[in-house]
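In what follows, a structure is listed as structure tokens, so that the remarks can point back to it.
Computed over heavy atoms, backbone and side chain alike; hydrogens, waters and symmetry mates excluded. Residue numbers start from 1 in every chain, and the chains themselves are labelled A, B, ... in the order their sequence lines are given, proteins ahead of strands.
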There are 2 protein chains.
Amino acid sequence: MKSNAVFKRAHNRCLNMLAKHELGTHLRSELELAQALDVSRTTVRAVLSSLANANIIHRDGSRRHLVRSPVADDYFPEAQTESVSDIVGRRFMEWILQGDFRPGELINCAELARQFSTSTSAIREHLTHFNHFGLLERRPNSAWVFKGITTDFAMEIYEIREMFELRSAHRFAELPPDAAAWSELDAIEREHHHLLENIDERYREFSRLDERLHRLVHDASQNRFVLNFYDVISMIFHYHYQWNKADEKERNYVALHEHLAYIAALRSRDLDAIDAKCRTHLQTARKTLLKSVDHLRQATV
Amino acid sequence: MKSNAVFKRAHNRCLNMLAKHELGTHLRSELELAQALDVSRTTVRAVLSSLANANIIHRDGSRRHLVRSPVADDYFPEAQTESVSDIVGRRFMEWILQGDFRPGELINCAELARQFSTSTSAIREHLTHFNHFGLLERRPNSAWVFKGITTDFAMEIYEIREMFELRSAHRFAELPPDAAAWSELDAIEREHHHLLENIDERYREFSRLDERLHRLVHDASQNRFVLNFYDVISMIFHYHYQWNKADEKERNYVALHEHLAYIAALRSRDLDAIDAKCRTHLQTARKTLLKSVDHLRQATV
DNA sequence: TTTCAGTTTTTTACAGATAAAAAACAATTT
DNA sequence: AAATTGTTTTTTATCTGTAAAAAACTGAAA
């Protein structure tokens with residue numbers, strides 16, 4: 001059966017919203033809450049009745065008002081707000097990065113299902129997903145082969161990434177001056193400067209900024225295949241940041257400066273400069289990934 | 001439950017093999033048969049016992065020999081040899097091409113399951129597949145949106161195709177002279193000449209040759225993402241050939257000549273010539289696809 | 001007449017069950 | 001000993017069932 005993670009997530013988010021409310025004030029309509037929480041009205045109603053049960057809100061007639069401010073105990077634990085599908089995806093990547101799988105190894109769905117305490121259906125769904133990511137290969141009527149985050153994988157993914165990002169960057173340069181992307185680029189640049197000012201404390205925030213910049217560039221491609229592919233990159237990087245912490249501050253410092261040069265090139269609209277700065281940055285990023293792959297291999301051999 | 005399409009397919013293929021045997025001759029070992037039929041020994045044994053039941057083969061001791069030649073009636077109907085997953089994939093594409101879906105329309109899994117007389121699980125599995133193909137978009141906890149084979153789709157897919165094929169063609173040109181790919185290229189070229197000699201009768205065979213040439217070029221990329229993407233192209237083309245028959249002979253005639261020029265360029269190893277011929281051919285192919293998309297849209301509006 | 005909350009209907013996300021197929025193991029024959 | 005067949009164990013593909021969530025419908029209130 002379906003878990004009620006959607007409900008619990010909405011519940012917690014609703015508590016966050018209510019924490020900013022003054023006592024006694026009326027809540028917004030169910031429809032507005034549904035839109036704010038990004039769930040259906042059905043789920044909002046479930047949340048509201050659970051809040052009423054906990055005496056956080058109370059009804060007077062057809063309206064609801066805030067009775068008491070929510071406390072830590074009113075929240076569902078973070079772990080319960082993750083959907084089964086997200087859990088499986090996360091745990092699968094963790095398995096890979098902990099070296100529980102070796103490249104070429106066959107994957108046992110039932111065993112994984114047991115390990116992750118879900119059903120084989122949930123596992124199967126995710127295996128097709130990772131198949132698309134190039135991490136697995138399906139042998140029809142037979143087992144799945146784990147292909148692994150190997151040197152080959154890193155080289156292949158970067159070959160495509162470079163092609164796609166150069167193409168997208170060119171498109172970006174052609175955007176009309178009033179496009180929203182330019183002001184987003186300005187905002188990203190400012191964030192880079194802020195980060196550099198406090199690099200010692202804030203260097204860990206780089207990954208989010210990296211994602212934001214590259215996603216913005218890729219968006220200019222207006223090509224669903226390019227964007228789909230960036231999801232793959234993004235996922236790999238999301239985990240990569242967690243698995244190789246060596247020289248993290250130094251790496252991020254270098255990358256921030258490369259980003260600034262790249263941003264300046266984009267703004268200059270000079271295609272050759274864009275190519276040069278983009279290539280430089282991607283080559284650094286590739287080296288980092290390759291080093292991590294090596295690290296991963298040595299840790300597990 | 002699982003259908004026994006694998007068994008039936010193996011059964012029919014085994015009958016084909018036996019049709020070439022002389023009466024009384026002994027069959028090969030179970031293991032050899034399994035390898036020849038590309039199934040497990042378990043399935044081979046099921047096939048052999050069903051053949052024994054039909055008095056086509058007979059056992060003497062531990063060996064088996066052919067008793068009578070198989071007849072048409074011994075075969076399972078073609079329709080029963082397709083796995084559920086293949087059926088769903090095929091029928092889904094047929095639906096798209098018959099205009100049963102309109103771009104932007106929401107897809108109803110249960111309704112589709114009813115239409116295709118399978119379960120929602122089989123449908124769901126295929127929807128994720130088509131999601132990856134850019135034909136659908138998933139809205140979490142909600143319906144799937146059909147994006148359709150639109151002009152945008154054709155433009156986007158060709159943008160990537162051109163990037164990937166040019167890159168692969170360059171790699172192809174760099175292959176050592178003794179690589180197997182060169183002799184396969186020779187064979188493909190000869191097939192082109194044969195086809196051109198009998199273009200009036202054989203023009204329909206072009207699509208298989210087209211797939212063979214482009215697949216060969218893409219193989220040189222040695223990049224799993226390029227190869228995965230070619231599967232998308234290949235699928236679209238497989239159906240495209242069935243949905244637009246207008247000017248088929250003329251189109252194929254032109255394409256065959258473009259292929260020959262492309263092959264000659266590859267053999268010359270001159271990168272500029274390769275780029276030129278490859279681009280020319282892909283642009284023609286794109287025009288054809290765009291015309292078909294138009295055709296599709298007008299037929300369904 | 002638009003916006004709301006109450007109610008009902010559909011649909012999705014998963015779990016669980018099972019025949020078919022594969023794989024592993026055991027016993028025989030060449 | 002190597003190759004084959006017989007038997008048992010696992011694993012996959014797929015169907016069915018159900019709580020959770022979404023969507024659609026309905027009547028009341030602003």
task = Quickly work out the B:Leu31 CG to C:dT30 C1' distance and round it to whole Å.
result = 16 Å
ask   = So which nucleotide from C:dT12, D:dA22, D:dG6 ends up closest to the side chain of B:Cys109?
value = C:dT12
request  = Figure out the CD1/C1' separation between B:Ile57 and D:dT5, and round it to whole Å.
outcome  = 14 Å
message = Can you tell me how the ring of A:Phe225 sits relative to the ring of B:Phe229, calling it parallel under 30°, perpendicular over 60° and tilted otherwise?
response = perpendicular
Pairwise 5' ranking along DNA chain C for A:Thr118 and B:Glu111, keeping only the more 5' one = B:Glu111
ask   = Does OP1 or OP2 of D:dT12 have a side-chain N or O of A:Asn141 closer than 4.0 Å?
value = no
request  = Taking B:Ser142 for its side chain and B:Arg139 for its backbone only, find out whether a donor-acceptor pair lies under 3.5 Å.
outcome  = no
task = Could you tell me how the ring of A:His126 sits relative to the ring of A:Phe130: parallel (under 30°), tilted (30 to 60°) or perpendicular (over 60°)?
result = tilted
inquiry  = Check this one for me: any side-chain N or O of B:Arg59 less than 4.0 Å away from OP1 or OP2 of D:dG6?
reply    = yes
ask   = Taking the side chain of A:Ala122 as heavy atoms from C-beta outward, which of C:dA15, D:dT7, D:dA21 is closest to it?
value = C:dA15
query = With sugar-phosphate meaning primed atoms plus P, OP1 and OP2, does B:Ala46 contact a base, only sugar-phosphate, or nothing at under 4.0 Å between heavy atoms?
reply = nothing
inquiry  = Please determine whether a side-chain nitrogen or oxygen atom of B:Ser40 lies at a distance below 4.0 Å from atom OP1 or OP2 of C:dA22.
reply    = yes
ask   = Is the base of D:dA3 touched by the side chain of B:Ser29 through a donor-acceptor pair closer than 3.5 angstrom?
value = no
query = Nearest nucleotide by nearest heavy atom, which residue falls closer to the 5' end of DNA chain C, A:Ser117 or A:Leu106?
reply = A:Ser117
ask   = Does the pair B:Glu111/B:Arg114 count as a salt bridge with the N-to-O cut at 4.0 Å?
value = yes
message = Under 4.0 Å, counting only non-hydrogen atoms across every strand here, what does B:Ile87 touch: a base, just sugar-phosphate, or nothing?
response = nothing
Reported NZ-to-CG distance for the pair B:Lys147 and B:Leu135, which is rounded to 0.5 angstrom = 10.0 Å
key: Side chain A:Thr43 and base D:dA21 donor-acceptor under 3.5 Å   = no
note = Against the side chain of A:Val84, the closest entry in C:dA24, C:dA15, C:dA22 is C:dA15
inquiry  = Closest approach to the side chain of A:Lys2, judged atom by atom: which nucleotide of C:dA19, C:dT12, D:dT5 is it?
reply    = C:dT12
ask   = Which part of the nucleic acid, if any, lies within contact of B:Ile107, taking any heavy atom under 4.0 Å across all strands shown: a base, the sugar-phosphate backbone alone, or nothing?
value = sugar-phosphate
Residue A:Ser85, side-chain atoms from C-beta onward, closest of D:dT12, D:dT14, C:dC14 = C:dC14
request  = Send over the distance from B:Arg63 CZ to D:dT5 P, rounded to a whole Å.
outcome  = 8 Å
query = Below 3.5 Å, does any donor atom in the side chain of A:Thr42 face an acceptor in the base of D:dA23, or the other way round?
reply = yes
request  = Output yes when at least one side-chain N/O atom of A:Arg124 is less than 4.0 Å from OP1 or OP2 of D:dA13, else no.
outcome  = yes
ask   = Can you tell me how far C1' of D:dA29 sits from CD of A:Glu30, to the nearest Å?
value = 14 Å
message = What is the distance, to the nearest angstrom, from the CZ atom on A:Phe116 to the P atom on C:dA15?
response = 13 Å
query = Between B:His11 (NE2) and C:dA21 (P), how many Å, whole number?
reply = 12 Å
key: Salt bridge flag under 4.0 Å for residues A:Arg215 and A:Asp210   = no
message = Between B:Arg45 and D:dG6, is there a contact of a side-chain N or O with OP1 or OP2 at under 4.0 Å?
response = yes
key: Gap separating the CD1 atom of A:Ile57 from the CG atom of A:Leu66, nearest 0.5 angstrom   = 8.5 Å
request  = Report which part of the nucleic acid B:Arg138 touches: base, sugar-phosphate, or nothing (heavy-atom distance under 4.0 Å, all strands).
outcome  = sugar-phosphate
inquiry  = Heavy-atom nearest nucleotide on DNA chain D for B:Arg41 versus B:Thr120: which residue maps closer to 5'?
reply    = B:Arg41
query = Between C:dT29 atom C1' and B:Asp60 atom CG, what is the distance in whole Å?
reply = 14 Å
Nucleotide of C:dA5, C:dA23, C:dA15 approaching A:Ser142 most closely (side-chain heavy atoms) = C:dA23
inquiry  = What is the separation between atom CD on A:Glu125 and atom P on C:dT12, rounded to the nearest whole Å?
reply    = 13 Å
